[in-house]
K.L.:
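So that we are looking at the same thing, I have put the structure below in structure tokens.
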Amino acid sequence: VGQKGFVIESSWPTYDPKKIISESFTLVVQVNGKLRANIEVPTDISKEEAIAKAKEQENVKKYLEGKSPKKEVYVEGKLVSLVV
């Protein structure tokens with residue numbers, strides 16, 4: 001397919017570890033243990049920013065309306081869990 005020589009004589013392909021690192025991920029948002037939203041956020045997001053973005057979601061706002069969370073859990077790179 002446009003290459004010279006035999007496949008058996010070719011070297012194994014190499015990869016660049018920098019290219020496999022993602023710039024964003026899907027953050028799961030739970031309220032009282034139930035999935036309420038999925039948000040695409042940058043990988044370098046801080047705990048405070050992640051929780052703030054989670055609280056901004058429309059589906060999350062309606063469960064937090066008039067209440068303040070008793071507990072806010074952030075698992076880096078995975079989820080935000082709010083307990084009301």
Side-chain angles (χ1 to χ4, degrees):
V1 188
Q3 301 294 323
K4 294 183 179 182
F6 295 105
V7 173
I8 193 79
E9 296 171 349
S10 299
S11 63
W12 191 259
T14 60
Y15 75 99
D16 184 3
K18 294 178 184 174
K19 291 184 180 179
I20 63 170
I21 297 173
S22 176
E23 293 180 5
S24 64
F25 68 97
T26 302
L27 181 68
V28 175
V29 181
Q30 295 179 342
V31 178
N32 292 333
K34 295 186 180 173
L35 178 66
R36 300 300 179 196
N38 291 315
I39 313 166
E40 195 69 24
V41 295
T43 54
D44 60 348
I45 193 167
S46 69
K47 175 182 178 178
E48 293 77 22
E49 289 176 303
I51 291 173
K53 283 192 180 273
K55 288 180 180 179
E56 291 173 2
Q57 300 302 307
E58 287 300 319
N59 198 29
V60 175
K61 279 183 184 179
K62 67 182 180 182
Y63 291 99
L64 297 179
E65 201 170 279
K67 303 172 187 172
S68 62
K70 294 178 184 175
K71 190 172 187 181
E72 298 173 341
V73 178
Y74 174 64
V75 178
E76 188 174 346
K78 294 185 181 184
L79 72 87
V80 170
S81 182
L82 304 170
V83 179
V84 181

K.L.:
So which atom in K61 and which in K55 form the shortest heavy-atom distance, rounded to 0.1 Å?
P.N.:
CG-O, 3.3 Å
K.L.:
Quick one: pull up CD in E49 and CG in D44 and give me the separation to the nearest 0.5 Å.
P.N.:
8.0 Å
K.L.:
Just verifying a value: how many Å separate L82 CG and Q30 CD, rounded to the nearest 0.5 Å?
P.N.:
9.0 Å
K.L.:
For the pair K53 and I45, evaluate side chain to side chain contact (heavy atoms under 4.5 Å, CB included) and give the outcome as yes or no after the intermediate values.
P.N.:
CA-CA 10 Å; K53 283 192 180 273; I45 193 167; 4.1 Å; yes
K.L.:
Would you say V73 ends up clustered with F25 if hydrophobic residues are merged whenever their side chains have heavy atoms under 4.5 Å apart, either directly or through other cluster members?
P.N.:
no
K.L.:
As an exercise, state the distance from CG of L64 to CG of N59, rounded to the nearest 0.5 Å.
P.N.:
10.0 Å
K.L.:
Locate the shortest heavy-atom distance separating Y63 from R36; write the atom from each residue and the value.
P.N.:
OH-NH1, 3.1 Å
K.L.:
Specify the closest pair of heavy atoms between S22 and T43, including all atoms of both residues, with the distance to one decimal.
P.N.:
O-CG2, 3.3 Å
K.L.:
Tell me whether E76 at atom CD has more than 12 heavy atoms from other residues, nucleotides or ligands lying less than 6.0 Å away.
P.N.:
no
K.L.:
I'd like to know if I51 and V41 are part of one continuous hydrophobic network [Ile/Leu/Val/Met/Phe/Trp/Tyr, side-chain heavy atoms within less than 4.5 Å].
P.N.:
yes
K.L.:
Show your reasoning for whether side chain to side chain contact (heavy atoms under 4.5 Å, CB included) applies to I20 and Y15.
P.N.:
CA-CA 9 Å; I20 63 170; Y15 75 99; 4.2 Å; yes
K.L.:
Only one of I39, V29, V80 forms a side chain to side chain contact (heavy atoms under 4.5 Å, CB included) with V60, so which one is it?
P.N.:
V29
